[in-house]
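First the proteins, then the strands, lettered A, B, ... as listed; each starts at 1.
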Amino acid sequence: MTKYTSVSIPLTLHKRLETIISKKTGFKSVSDYVTYVLREVVAMHELKEVPEPFTSTDLEEIKKRLQALGYL
Amino acid sequence: MASAPHGGRLVQVPQTTPDSPALAGFGESQRLMVTKETATTVANIANGVFSPLEGFMSEGDYLNVLEHMRLESDVPWTIPVLLPVPEDRTFSGGEEILLVDEGSRPVALMHCEGSFGISRQEYANKVFGTEDRAHPGAARALDGSSRAVCGRLKTVVRPDYGEYADHTLTPQETRVLFSEKGWDTVVAFQTRNAPHINHEYLQKSALALVDGLFINPVLGKKKAGDFKDQVILAGYKEILANYYPRASVVLSVLHYEMQYAGPKEAVMHAIMRKNFGCTHIIIGRDHAGVGSFYGPYAAQEIFKEFPDLGISPLFFREFYYCRRCAGIASEKTCPHKEEDRLNFSGTKLRKMFSEGETPPKEFMRPEVAQAILRFKQPFVE
Ligand SMILES: [Zn+2]
């Protein structure tokens, strides 16, 4: 099950976030909001540098099949 | 550039043939018979449709998915992928299990990592939001086993898709295909239906925003009254041949058992299409719903929970033919009343086809209707 840990942020930032959240619906706490925003950031980083899921030999075979089936 | 695979890596389990020596010599206690639907799930894990899963879920992943809609690794995931086992069978971690089909033919070799109990009621409530047996997914969960075995797939027997083989592409293949076509953005359309005009408008509206359209009908076990697999495919072939720009559309089927889990299933549909390389997915009205178990746009709302999904949903209201607009309109663009809409219930449509009639061309393209009529019994009984 999901476990939690604490991250320190300046108290002043925490207060500003509280103000934002009080005006916006959907977030129960600063922690929820920070988790949401960080997941967005993490996803952006993970998009980069994903290896191709095939070798060049695979690639030629895949193209052959796609051509035979009329997809290419 | 295509979407990155979910969890960062496209899973590829080594494939073999049924007569491989690696699959021989397993005694009765090391064999586990699986249903056709589970065998389909095995194939989907093996070719990466369910990336990053490499096998059937552990208890930790299972509980995390139920509670938080995420795997233990924090990757979004909304419906457990379990391997149910008879409650009187025991399996211990570390042993190898040969999964066999109903005809005792090998399906896959799995490295067992243990087994665990599941509360059927909890499963039904958390996944489907109900214990009502009128919900086909909840009924199946409530009648299912309360024990599951988990583990990584080591080898799978190359799946045989029979008459659908030539229309079945793997995520590796679609990724190459999209890249060869030069598509940077691809929108997926999930369907379990023969195409109506409203689907066509939905797809074409989405296609206007991206490079390519990936029509990916689901084939497999469905509920009574749904169109049969052959009918869906025949309908799509007709509509594509007559009304779609060939260069910007790909049709390929997905073998998968519908769960009818509404919003949670909409997210799974998006994850699977992300693995196929799609950057967008169409989410319309009552996506993957059944009866009135889910709000009409609940399947759009749920996407707010996942800023890290890695595929963008495109939300649409329902399209229909409006007599007063004298054309295809949507709930968003047409001010008229429901009575002005041309609509056929599933029941009425089934009656029509069974009497050899076809719906008007404002509801379904005549070529599609004719293709359906060529089937003696087009609906699942
Ligand atoms: Zn209208």
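In this structure, chain A has a heavy atom under 4.5 Å from the side chain of B/R70, while its backbone stays farther away. Heavy atoms closer than 4.5 Å to chain A are found in the backbone of B/L251, but not in its side chain. Proximity to chain A is absent for every atom of B/T170, based on heavy atoms less than 4.5 angstrom apart.
Shown here for A/L72 and B/E180, the closest heavy-atom pair between the two residues is CD2-CB, 3.6 Å. Between B/P307 and A/A43 the shortest heavy-atom distance is O-CB, 4.5 Å. Here the shortest heavy-atom pairing between A/Y4 and B/H68 reads OH-CE1, 3.8 Å.
For the pair A/R39/B/D74, a side-chain contact is recorded, criterion being any heavy-atom separation below 4.5 Å from C-beta on. Within the 4.5 Å cutoff, side-chain heavy atoms of A/I62 are placed close to those of B/Q172. Inter-residue side-chain proximity for B/V176 and A/D58 is flagged as unmet; no heavy-atom pair is nearer than 4.5 Å.
In this structure, B/E173 CD and A/E61 CD are separated by 10.5 Å, a value rounded to the nearest 0.5 Å. Of the inter-residue distances, the one linking A/L59 atom CG with B/S179 atom OG reads 7.5 Å to the nearest 0.5 angstrom.
For the side chain to side chain donor-acceptor pair (under 3.5 Å) condition, the pairs that include at least one residue of residues 156-165 of chain B, sequence neighbours left out, are B/Q15-B/R158.
In terms of heavy-atom pairs under 4.5 Å with chain A, the best-connected choice from B/D61, B/L177, B/L10 is B/L177.
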